[in-house]
Protein chains: 2
Amino acid sequence: MDILELSCKSEYALLALLELAQHYSDGQVLQIKEIAAHQSIPDRYLEQLLATLRRQGLVRSQRGAKGGYSLARAPWQISLWDVIQAIEGEDLTRSRDLPSADLTPEREVLLKAWQDAQTAAVAILQKTTLQDLCDRQAQQQQARLMYYI
Amino acid sequence: MDILELSCKSEYALLALLELAQHYSDGQVLQIKEIAAHQSIPDRYLEQLLATLRRQGLVRSQRGAKGGYSLARAPWQISLWDVIQAIEGEDLTRSRDLPSADLTPEREVLLKAWQDAQTAAVAILQKTTLQDLCDRQAQQQQARLMYYI
DNA sequence: ATGATACTCCGGTTTTTCACTGGGGTTTAG
DNA sequence: CTAAACCCCAGTGAAAAACCGGAGTATCAT
């Protein structure tokens, strides 16, 4: 039962960035097709996501042949929350539609409680970086290896 | 920027229960129309929500003329999370569509982080009860009164 | 130079979800 | 017995989400 809904968009973006993070030390770019194929993401869709990630300053792109994408910052300097914000928040320039007339005291107190819960979740997402995810994955693969011995 | 999205359904249900909570001591039932009018909720829609809340054991209903709804438990025994689960989770009987084939290690570690964030949010929602919300609202109205003196 | 490659921009389509509505029942007070 | 209220189930319209396509532009290899 999820109440925190990980949208397709965000999941794809995070997976792509995770893959870029894994090759960060290589100093080499990855192409859309590679990432898409490796993570089973529709490539033309991923293209859009990487474009917004670029506009938001999370990745760098290199055009032309032998082009591709790379992280704009180090993996430990990019939190999951950074990514979510970049993806979900871009065209979310529409200000809160609060007619304030129908924001009854009931709604107000309810909304407050809701935001408390949200804040707690965001705190976790802010403190977790792409590096953390890479580490955990490596650790898990290690565990799997041990299992086979 | 919300990532924790409070759906209309849940908001309506919580508002309705909050209103029922406010009249809990009266030992009297409230009718759909009353609640709907008071909270600006489409009544035929609220009807469905109250029906599922009844099936989930959160409210009692009394049929026939002079009928209506009342809380099945005391307001301090109903957490916000209880309500969310009842509303969002009812027809969510569909088991996780996990072909497990395309649950790559990347997705796995990502999902884990996501659930950590979700757990943090749920903890807040679990420890907050309808009673808490009633209290806060009363407190806030008190504050408003002081302001006018 | 030039062709192939791969990103870029912009728009369209399809699928799914959401909020809401309607119609015909059943129960119960008076 | 009748009117008021809950009950069940099914449909609909709009909006968002996910995805696809085409024409353009930069860049590298040769």
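Reckoned from all heavy atoms, side chains included, excluding hydrogens, waters and symmetry mates. All chains are named by letter (A, B, ...) in the order of the sequence lines, taking the proteins before the strands, and each is independently numbered beginning at 1.
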Nucleotide [N], atom [atom2] - distance to [atom1] of [X] in whole Å:
X      : N       : atom1 : atom2 : value
D43(A) : dC20(D) : CG    : P     : 8 Å
L6(B)  : dA19(C) : CG    : C1'   : 14 Å
L46(A) : dG21(D) : CG    : P     : 16 Å
R60(A) : dC7(C)  : CZ    : P     : 16 Å
L15(A) : dA18(D) : CG    : P     : 14 Å
K9(A)  : dT15(C) : NZ    : C1'   : 16 Å

Between [X] and [N], does any side-chain N or O lie under 4.0 Å from OP1 or OP2?
X      : N       : result
Y12(A) : dC19(D) : yes
S61(A) : dA6(C)  : no
Y45(B) : dG22(C) : no
S7(B)  : dC18(C) : no

Of the non-hydrogen atoms in [X] and [Y], which two are nearest, and what is the gap between them?
X       : Y       : result
L53(A)  : A13(A)  : CD1-CB, 4.1 Å
A21(B)  : L71(B)  : CA-CD1, 3.6 Å
D132(B) : K127(B) : OD2-O, 3.5 Å
A72(A)  : G57(A)  : CB-O, 3.5 Å
L58(A)  : I78(A)  : O-CD1, 4.1 Å
T128(A) : R136(A) : CG2-NH2, 3.9 Å

Checklist entry - Considering only heavy atoms, which members of residues 47-56 of chain B lie under 4.0 Å from some atom of DNA chain D? => result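 Result for residues 47-56 of chain B: E47(B), Q48(B), R54(B), R55(B), sorted by number.
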Next on the checklist: Test: salt bridge (charged side-chain N to carboxylate O under 4.0 Å, His left out). Region: residues 42-58 of chain B. Which pairs qualify, not counting sequence neighbours?
Outcome noted: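 Residue pairs with at least one partner in residues 42-58 of chain B: R44(B)-E47(B), R55(B)-E90(B).
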Item to check | Reference residue S10(B); test side-chain hydrogen bond (donor to acceptor under 3.5 Å, both in side chains); the match among E5(B), E88(B), Q85(B) | outcome: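 Filter result, single survivor: E88(B).
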Checklist entry - Using a cut-off of 4.0 Å between protein heavy atoms and nucleotide atoms, how would you tag nucleotides 23-30 of chain D 5' to 3' with B, S and -? => result -BBBBSS-
Item to check | Partner residues of R60(B) under the salt bridge (charged side-chain N to carboxylate O under 4.0 Å, His left out) criterion, sequence neighbours left out | outcome: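 So R60(B) forms no salt bridge (charged side-chain N to carboxylate O under 4.0 Å, His left out) with any residue.
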Item to check | Where at least one partner belongs to residues 63-78 of chain B, residue pairs that pass side chain to side chain donor-acceptor pair (under 3.5 Å), sequence neighbours excluded | outcome: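 Output for this query lists R73(B)-D82(B).
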Next on the checklist: Can you confirm whether more than 12 heavy atoms, excluding those of Q139(A), are under 6.0 Å from its CD atom?
Outcome noted: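 Counting other residues, nucleotides and ligands, CD of Q139(A) stays at 12 neighbours or fewer.
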Item to check | Residues from residues 22-39 of chain A lying under 4.0 Å of DNA chain C - heavy atoms | outcome: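 When residues 22-39 of chain A is checked for heavy atoms under 4.0 Å from DNA chain C, the hits, listed by number, are Q31(A), I32(A).
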